[in-house]
Amino acid sequence: MPSTDDAEDDILARFREMTAGLNHEVFGDATTPVDRRRPQPSTGKVLTVRVDLHRSSPPIWRRLELRSDLSLEDVHTVLQTAFDWAGYHSWRFAAGGAPFDEAAQQFLCASDVEEGEDPDGIPAGEVRLGEQLQQAGDALKYLYDYGDGWDLGLVVESVRAAEAGDTQPGPWEGGARPRPRTAAGCATRRA
């Protein structure tokens with residue numbers, strides 16, 4: 001399955017440049033966030049999700065099995081463990097665009113909510129993974145450490161019904177370790 005990368009962000013940026021002067025009374029306000037949440041599935045699902053660290057060489061990725069009823073705050077904790085990070089920094093998820101993209105829906109960590117960082121953002125602890133990811137190909141973005149910019153793309157590879165033993169995130173696999181602990185120059189560093 002192809003990994004998510006910067007191509008989407010580049011296309012979105014070019015689109016915004018081309019449409020910047022259009023009459024928003026006719027076309028609508030492109031910066032108004034859309035509520036991209038969907039109803040939570042009525043039965044538990046297990047999502048196989050590929051998570052790629054953007055702009056890394058060699059590719060750094062993980063494949064995780066996650067229950068659809070996990071909160072995005074819980075998914076953050078899983079990602080911290082999977083990438084061997086310590087959880088010291090702010091983070092957020094975004095649907096429909098990049099983190100900090102005005103048109104994307106933002107799901108915020110507690111410190112961003114407390115600081116009023118994004119008045120339209122929703123606390124990540126109030127959103128279930130299944131409200132965002134439900135079928136193969138669904139995607140979500142995650143940014144950890146706004147200064148260093150660990151930028152991850154999550155893409156659903158497959159979905160199955162949850163079974164009684166599927167209480168914890170499943171085993172994961174992946175490639176390359178995200179070292180050093182700074183993302184500066186990520187495209188040229190060795191993992």
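Residue indices begin at 1 and follow the sequence shown.
Listed by chain and residue number, D69 satisfy the salt bridge (Lys or Arg N to Asp or Glu O under 4.0 Å) test with R67 (two or more places apart in sequence, or in another chain). For S158, the side-chain contact (heavy atoms from CB on, under 4.5 Å) criterion is met by T48, not counting sequence neighbours. Partners of R160 under the salt bridge (Lys or Arg N to Asp or Glu O under 4.0 Å) rule, at least two apart in sequence or in another chain, are E65, D166. Listed by chain and residue number, L64, L66, P169, W172 satisfy the side-chain contact (heavy atoms from CB on, under 4.5 Å) test with V78 (two or more places apart in sequence, or in another chain). Considering only residues two or more places apart in sequence or on other chains, D74 meets the salt bridge (Lys or Arg N to Asp or Glu O under 4.0 Å) condition with none of them.
Residue pairs meeting the salt bridge (charged side-chain N to carboxylate O under 4.0 Å, His left out) criterion with at least one partner in residues 124-133, sequence neighbours excluded, do not occur; the list is empty.
The aromatic rings of F83 and W85 lie parallel to each other, their planes meeting at an angle below 30°, with 60° marking the opposite boundary.
Looking at heavy atoms from C-beta onward, W150 lies in side-chain contact with L53 at the 4.5 angstrom threshold. Side-chain contact between V51 and R63 is absent, with no heavy atoms from C-beta onward closer than 4.5 Å. Side-chain contact check for L108 versus D118: some heavy-atom pair is nearer than 4.5 Å.
Shown are Y142, F100, F107; of these, the side-chain contact (heavy atoms from CB on, under 4.5 Å) with R92 is made only by F100.
Connection of L133 to L70 is established within a shared hydrophobic cluster, with ILVMFWY side chains joined at heavy-atom distances below 4.5 Å, either directly or through further cluster members. Linking ILVMFWY residues whenever their side-chain heavy atoms come closer than 4.5 Å, directly or via other members, places V127 and F93 in the same cluster. If you chain together hydrophobic residues whose side chains sit under 4.5 Å apart, W61 and L140 never meet in one group.
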With side-chain contact (heavy atoms from CB on, under 4.5 Å) as the criterion, how do Q134 and V159 come out once you've worked through the C-alpha distance, each side chain's angles and the decisive distance to 0.1 Å?
CA-CA 7 Å; Q134 296 184 352; V159 180; over 6 Å; no
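Checked by atom type and distance alone, the side chain of D112 never pairs as donor or acceptor with a backbone atom of C109 at under 3.5 Å. With hydrogens and angles ignored, the 3.5 Å screen pairs a side-chain donor or acceptor of R38 with a backbone N or O of Q132. Checking side-chain atoms of R62 against main-chain N and O of A82 turns up a donor-acceptor pair under 3.5 Å. The closest donor-acceptor contact from the side chain of E117 to the backbone of V113 lies at 3.5 Å or more, if one exists at all.
Between H54 atom NE2 and D151 atom CG the span is 5.5 Å, to the nearest 0.5 Å.
Ring pair H89/Y144: centre-to-centre distance below 6.0 Å.
The shortest non-hydrogen separation linking P99 to K141 is CD-CB, 4.1 Å.
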